[in-house]
**Student:** 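Got a structure here, written out as structure tokens. Questions coming.
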Amino acid sequence: MTEILNRADALSDELLARITDSPTGYSGVDADELWAAEIRRLADLRGATILAHNYQLPAIQDIADHVGDSLALSRVAAEAPEDTIVFCGVHFMAETAKILSPDKTVLIPDQRAGCSLADSLTPEDLQSWKDDHPGAVVVSYVNTSAAVKALTDICCTSSNAVDVVASIAPDREVLFCPDQFLGAHVRRVTGRQNIHVWAGECHVHAGINGDELADQARAHPDAELFVHPECGCATSALYLAGEGAFPEERVKILSTGGMLDAARTTGARQVLVATEVGMLYQLRNAAPQVDFQAVNDRASCKFMKMITPAALLRCLVEGADEVDVEAETASLARQSVQRMIAIGQPGGGE
């Protein structure tokens, strides 16, 4: 098997040549079918399971064994019988899978797939912030590096951030990082005044602004609004609803997993979605009778889209790129994730 895995056979060579230069990763029905068959063959040879985040290209989502948010996928990775995990997402997600599955091989199809939100807080930044607030409890979003998780007391997802903060004694200061918009949402819901919020952001979600959301909502008076709490427009949506610009019951602040749950039960004919546009593919599959439209159709993460069909094929052919986390860092980071899980099932992740 090693000999097979260490060479790109004739079919893989042909596919790589045909899909590398295509803007969508591959073209033509025959190439689609050849690529899918080869991915499955190589995954079986490697004993690998393929995980894809909700923001991935449709072709990647379709070929994956599991599709979901980063934390749910990391938990799938830990429970999967396969010894190799191919994580089609950004780097911190593959790190989290490795943290929860230290004995498994974790691969990411393109190691350059980073995250502007995770990069907005370094471990040095966090340590300095902790030094300025001795005794404070650090709550970090799972959209952070392993090194930041290692300095964290409790991790959270966008769906359980309120519950995690509420579990902390009221007299304890809280350092919430790194997303300022999720932090503002938590502060608003909990009413907590002793929560300090790091001024980080996801450049894609921050770019979905309140003005365009308000314009879209007014132009579609019967539509529901699904708004991710990482969005810069989340507070604006609730403010406008409170001012009577549109009914408050139309506004739903939801994680990606929460959006899928809401999609399956909504009675609306149209839903405006404020998050990365890759989510529309999953929503439309979940509820094909609903017209899902992006609030900002330019909200596409270039890092997520680095995971192309060509990159996935190379990953399986070459066994690259492997993700590793230093043992002590992984051990400390694992504790912060496990503390979160102990508070309650996280439901939908980011």
**Student:** Decide side chain to side chain donor-acceptor pair (under 3.5 Å) for E212 and N296; before the verdict, give the C-alpha distance in whole Å, the side-chain angles of both, and the deciding distance to 0.1 Å.
**Tutor:** CA-CA 8 Å; E212 63 190 356; N296 181 337; 3.0 Å; yes
**Student:** Could you check whether any side-chain N or O of S140 sits under 3.5 Å from a backbone N or O of C155, counting only pairs where one atom can act as donor and the other as acceptor?
**Tutor:** no
**Student:** Determine whether a donor-acceptor pair (N or O, by modelled atom type, separation under 3.5 Å) exists between the side chain of Q61 and the backbone of N54.
**Tutor:** yes
**Student:** Mind checking whether L260 and M279 have side chains closer than 4.5 Å, heavy atoms only?
**Tutor:** yes
**Student:** Quick one: do the T266 and E224 side chains pair a donor with an acceptor below 3.5 Å?
**Tutor:** yes
**Student:** Indicate whether the side chain of D125 and that of S128 have a donor and an acceptor atom separated by less than 3.5 Å.
**Tutor:** no
**Student:** Could you walk me through whether L126 and V138 pass the side-chain contact (heavy atoms from CB on, under 4.5 Å) check?
**Tutor:** CA-CA 9 Å; L126 180 52; V138 178; 4.0 Å; yes
**Student:** Which heavy atom of A263 sits nearest to which heavy atom of L283, and what is that distance?
**Tutor:** CB-CD2, 3.8 Å
**Student:** Contact between T144 and P178 at the side-chain level, heavy atoms closer than 4.5 Å - yes or no?
**Tutor:** yes
**Student:** Are V290 and V273 in one and the same hydrophobic cluster, where Ile, Leu, Val, Met, Phe, Trp and Tyr link if side-chain heavy atoms are under 4.5 Å apart?
**Tutor:** yes
**Student:** I want to check something: taking the side chain as every heavy atom from C-beta on, are T84 and L107 in contact at a cut-off of under 4.5 Å?
**Tutor:** yes
**Student:** Roughly how far apart are L73 CG and L100 CG, rounded to 0.5 Å?
**Tutor:** 11.5 Å
**Student:** Rounded to the nearest 0.5 Å, what separation is found between the OG1 atom of T190 and the CZ atom of F176?
**Tutor:** 10.0 Å
**Student:** When you check the side-chain N and O atoms of E230 and Y141, is any donor under 3.5 Å from an acceptor?
**Tutor:** yes
**Student:** Can any side-chain N or O of E276 pair as donor or acceptor with the backbone N or O of C301 at less than 3.5 Å?
**Tutor:** yes
**Student:** How far apart are the C-alpha atoms of R46 and T105, what are their side-chain angles, what is the distance that settles it, and do they pass the side-chain contact (heavy atoms from CB on, under 4.5 Å) test?
**Tutor:** CA-CA 10 Å; R46 282 199 177 275; T105 298; over 6 Å; no
**Student:** Testing the 3.5 Å rule here: is there a donor-acceptor pair between the side chains of T275 and H228?
**Tutor:** no
**Student:** Kindly compute the distance separating OG (S116) from NE2 (H205), expressed to the nearest 0.5 Å.
**Tutor:** 10.0 Å
**Student:** Main chain of A77, side chain of K104: is a donor-acceptor contact present, judged purely on distance under 3.5 Å?
**Tutor:** yes
**Student:** Are V204 and M306 connected, step by step, through hydrophobic side chains (Ile, Leu, Val, Met, Phe, Trp, Tyr) whose heavy atoms are closer than 4.5 Å?
**Tutor:** no
**Student:** State, yes or no, whether a side-chain contact exists between W35 and D32 at a heavy-atom distance under 4.5 Å.
**Tutor:** no
**Student:** Count I, L, V, M, F, W, Y as connected when their side-chain heavy atoms are under 4.5 Å apart, and connections chain through other members. Are V337 and L117 then in the same cluster?
**Tutor:** yes
**Student:** Strictly distance-based, threshold 3.5 Å: is any side-chain N or O of R250 a donor or acceptor partner for the main-chain N or O of P221?
**Tutor:** yes
**Student:** Please identify which of these residues, S158, S159, S255, meets the side-chain contact (heavy atoms from CB on, under 4.5 Å) condition with P229.
**Tutor:** S158
**Student:** For E328, does its backbone N or O pair with a side-chain atom of E326 as donor and acceptor, under 3.5 Å?
**Tutor:** yes
**Student:** Where do T329 and A150 come nearest, in terms of heavy atoms and distance?
**Tutor:** O-CB, 3.7 Å
**Student:** Would one find more than 12 heavy atoms of other residues, nucleotides or ligands at under 6.0 Å from atom CD of Q289?
**Tutor:** yes
**Student:** Under 4.5 Å between side-chain heavy atoms, counting indirect links through other Ile/Leu/Val/Met/Phe/Trp/Tyr residues: same cluster for L332 and V323 or not?
**Tutor:** no
**Student:** Do the side chain of R284 and the main chain of F292 share a donor and acceptor less than 3.5 angstrom apart?
**Tutor:** yes
**Student:** Nearest 0.5 Å please: distance from the OG atom of S101 over to the CD atom of E82.
**Tutor:** 11.5 Å
**Student:** Show the nearest heavy-atom pair for residues P109 and D321, with the distance to one decimal.
**Tutor:** O-OD2, 4.4 Å
**Student:** Can you tell me if D291 and Q293 form a side-chain donor-acceptor pair at under 3.5 Å?
**Tutor:** yes
**Student:** Is there a path of hydrophobic side-chain contacts, each under 4.5 Å between heavy atoms, that joins V165 and L151?
**Tutor:** no
**Student:** Quick check: do T152 and V148 have side-chain heavy atoms less than 4.5 Å from each other?
**Tutor:** yes
**Student:** Are the side chains of S74 and F87 in contact, using a 4.5 Å heavy-atom criterion?
**Tutor:** yes
**Student:** At what distance, to the nearest 0.5 angstrom, does CD1 of I307 lie from CG of L57?
**Tutor:** 9.0 Å
**Student:** Got a second to check how far E318's CD is from L313's CG, nearest 0.5 Å?
**Tutor:** 9.0 Å
**Student:** For E95, is there an ion pair with K98 - N to carboxylate O distance below 4.0 angstrom?
**Tutor:** no
**Student:** Between R339 and D153, is there a donor-acceptor pair closer than 3.5 Å when you use the side chain of the first and the backbone of the second?
**Tutor:** yes
**Student:** Nearest heavy-atom pair of S120 and E201: which atoms, and what distance?
**Tutor:** OG-N, 3.9 Å
**Student:** How close do G89 and I108 get, heavy atom to heavy atom, and via which atoms?
**Tutor:** O-CD1, 3.4 Å
**Student:** Assess whether side-chain contact (heavy atoms from CB on, under 4.5 Å) is satisfied between W129 and C177, documenting all intermediate values.
**Tutor:** CA-CA 10 Å; W129 201 25; C177 58; 3.8 Å; yes
**Student:** Does P102 reach the side chain of R334, with side-chain heavy atoms less than 4.5 Å apart?
**Tutor:** yes
**Student:** Can you find a pair of side-chain heavy atoms, one from W198 and one from D179, that are under 4.5 Å apart?
**Tutor:** no
**Student:** Minimum heavy-atom separation for N285 to P288, with atom names?
**Tutor:** O-CD, 3.7 Å
**Student:** Check the angle between the aromatic planes of H196 and H133 and answer parallel, tilted or perpendicular using the 30° and 60° thresholds.
**Tutor:** tilted
**Student:** Do side-chain atoms of D69 reach the backbone of H53 as a donor and acceptor pair under 3.5 angstrom?
**Tutor:** no
**Student:** Would you mind checking if R40 and D65 are paired as a salt bridge, meaning a charged N to carboxylate O distance below 4.0 Å?
**Tutor:** yes
**Student:** Set out, in order, the CA-CA distance, both residues' side-chain angles and the distance that settles side-chain contact (heavy atoms from CB on, under 4.5 Å) for V137 and L175, then state yes or no.
**Tutor:** CA-CA 6 Å; V137 178; L175 304 182; over 6 Å; no
**Student:** Indicate yes or no for a side-chain donor-acceptor contact from N160 to the backbone of T157 under 3.5 Å, with no hydrogens or angles considered.
**Tutor:** yes
